[in-house]
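Here's the structure we're looking at; comments come further down.
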Amino acid sequence: MSVAKRVSEEMETDLGDKVGYAIRFEDVTGPNTIIKYMTDGVLLRETLKDADLDKYRVIVMDEAHERSLNTDVLFGILKKVVARRRDFKLIITSATLNADKFSKFFGGVPIFHIPGRTFPVNIMFSKTPCEDYVEAAVKQAMTIHITSGPGDILIFMTGQEEIEATCYALAERMEQLISSSTKTVPKLEILPIYSQLPADLQAKIFQKAEEGARKCIVATNIAETSLTVDGIFYVIDTGYGKMKVDNPRMGMDALQVFPVSRATADQRAGRAGRTGPGTCYRLFTESAYQNEILPNPVPEIQRTNLGNVVLLLKSLRVENLLDFDFMDPPPQENILNSMYQLWVLGALNNVGGLTEIGWKMVEFPLDPTLAKMLLMGEQLGCLDEVLTIVSMLSVPSVFFRPKDRAEESDAAREKFFVPESDHLTLLNVYLQWKSNQYRGDWCNDHFLHVKGLRKAREVRSQLLDILKTLKIPLTSCHMEWDVVRKAICSAYFHNSARLKGVGEYVNCRNGMPCHLHPSSALYGLGYTPDYVVYHELVLTTKEYMQCVTAVDPQWLAEMGPMFFSVKETDTSLLDHKKRQKEEKTAMEEEMEKLRQEQAEAARIEKEKEWEKRAKQQQQVAMPGLKKGATYLRPRKMGL
DNA sequence: GAGCACTGC
């Protein structure tokens, strides 16, 4: 948006006239617009309406090296547009040196090199692998502060907990230094930054340090690309970052610490050279940089759930997804897995084409499961309620839990609990916020993130617009919460679990163990329901179900007959099962085979995963921290 | 009785 604004000023027109922009919730363009700035997501959705992109003569894909999921899908689509249209030009800009790869993909097109505008950065490697990078980073920062010239410091850590530990240790070291020193010690402003940090605290990193003071920013990879701070002369890079990895075999996500790639390490180092020549201290060896880490990050498309991508490509009538021209194709197994999930949801028919439900699901900017929930809400007459739940699930958790007020915020959260359902708890939160005029101070009083709730409201209104264009009326079940639970159940029956022990469940389909999270509304219920469905399974210290709703097993049998049968002699259900069996097609049989293979693969994968984690991770008590405070650190570099 | 890299539609 800010680029569009600058260009429109340059061209002496109003923003939205000749020059405009479009992002998710905002379209500032008009009939005169000749230059339109937009996100890759907006362009991708435009291809759904106009596959040839006839509106455009030239498309510039910026920051292509970031290889976002949307960009990678667009590459394949745009390659076809280039082949079909002679009047169309495509320009791709990338900050890394792998221009050859892009050129090759588009058929050996010419490459133009434009020199950068940054200052040189002196790189310093560790001589030996570092045992404790929090400690090493603190030491390095203190050395810079005491011995080096002016300029701010930026430290890359993997997450909130490490950032807090680093800041705490830095403050302590500074205190020691001041009390033991006879000379005055220059001030060090220690500033944490990560995306979950409240906005007012985030803003602090952009304020100029007071006279004679030095800023030391301790950041996650948010400071790699998302935000830029000028005045950084020193970067300290731990060489690690967190990444979300989807494990389709286990049906589970995990946020894991990985060594960063060479390209990412270079990107981090570059942050020291924006204002003048800088220095980057890498807390890993040169040999690790050269020989152990990957040259580039694994593109998102190869490590993410492909449900949305499959749905989108199917709607673009790509018959065989395994043949689609991806620059870096995702593993075939991931594609098949996502197809299976979509088939289970009823979005794909037995020959792999979109069903009526599937075509509707494409319209919504939602995960397939959530789109399905919306459509079930329509069918069951509780669309209004489901719409809110879906919107709340599309934003990061709205519950705010600062460390120093943990008990207080837990108590506040519990007041919203609807027994037996975290989904309904989310609905409850939203409804109460609404009846308090969507006020920000009300959120603060109740330990809720205002930002998240506002976003949920925006998502809700966007989805409502889409429902309107599809002529789907907004129905309500007026607090008949069993109806809502039924709609929830119908979207999640692939994520259903059966009680096995105290707070311990197993996935109904593949026997994967899964546990209630202590923050769930079902946790302190006094009893545990026999059957539940969950939004997602997350691997941390255990396999935790996140966002859980108790369900009636009858519902599972009614709505997911490909998985479940009921033991009671309910003839209508049995007949239904029988009919299903007779109608089994080749695709169904194949899918059933796949299901069994998956169950076995999941078991093996689980064992492997835990073995790997046992090797990789070590709980280390932080010296100088409050008792019990720990952080996770990988032992040494390596994949 | 636990843990939250980061975009994007």
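Protein chains get the first letters and strands the later ones, always in sequence-line order, with residue 1 at the start of each. FYI, side chains are in, hydrogens and waters are out, and symmetry mates aren't considered; it's all heavy atoms of this structure.
In summary, the side chains of A:Tyr194 and A:Gln202 do not present any donor paired with an acceptor at a separation below 3.5 Å, with no hydrogens or angles considered.
At a threshold of 4.0 angstrom between heavy atoms, the contacts of A:Asp410 include nucleobase atoms, whether or not backbone atoms are also involved. Using a 4.0 Å heavy-atom distance criterion, A:Ser68 is classed as making no nucleic acid contact. The residue A:Phe364 sits apart from the nucleic acid: no heavy atom pair falls under 4.0 Å. At the heavy-atom level, A:Val459 lies nowhere under 4.0 Å from the strands shown.
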Could you list the donor-acceptor pairs under 3.5 angstrom formed by side chains in residues 311-318 of chain A, with sequence neighbours left out?
{"residue": "A:Lys314", "atom": "NZ", "partner": "A:Glu319", "partner atom": "O", "Å": "3.3"}
{"residue": "A:Lys314", "atom": "NZ", "partner": "A:Gly352", "partner atom": "O", "Å": "2.9"}
{"residue": "A:Ser315", "atom": "OG", "partner": "A:Leu312", "partner atom": "O", "Å": "2.8"}

Could you give the side-chain donor-acceptor pairs of residues 303-310 of chain A under 3.5 Å, partners two or more places apart or in another chain?
{"residue": "A:Arg303", "atom": "NE", "partner": "A:Val298", "partner atom": "O", "Å": "3.2"}
{"residue": "A:Arg303", "atom": "NH1", "partner": "A:Lys244", "partner atom": "O", "Å": "3.4"}
{"residue": "A:Asn305", "atom": "OD1", "partner": "A:Gly307", "partner atom": "N", "Å": "2.8"}
{"residue": "A:Asn308", "atom": "ND2", "partner": "A:Asp367", "partner atom": "OD1", "Å": "3.4"}

Pair up each side-chain donor or acceptor in residues 391-398 of chain A with any protein partner under 3.5 Å, not counting sequence neighbours, and list the distances.
{"residue": "A:Ser391", "atom": "OG", "partner": "A:Leu387", "partner atom": "O", "Å": "2.7"}
{"residue": "A:Ser394", "atom": "OG", "partner": "A:Val390", "partner atom": "O", "Å": "2.8"}
{"residue": "A:Ser397", "atom": "OG", "partner": "A:Phe399", "partner atom": "N", "Å": "3.3"}

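With sequence neighbours left out, the ring-ring contact (aromatic ring centres under 6.0 Å, His included) criterion links A:Phe400 to A:His449. Qualifying side chain to side chain donor-acceptor pair (under 3.5 Å) partners for A:Arg401, counting only residues two or more places apart in sequence or in other chains: A:Asp410.
A residue-by-residue look at A:Ser394 and A:Gly241 shows that A:Gly241 has its nearest nucleotide of DNA chain B further toward the 5' end. Residues A:Ile222 and A:Tyr523 each lie close to DNA chain B; by heavy-atom proximity, the contact nearer the 5' end of the strand is made by A:Tyr523.
Scanning DNA chain B 5' to 3' for nucleotides with an atom closer than 4.0 angstrom to a non-hydrogen atom of chain A gives a first and last hit of B:dG1 to B:dC9.
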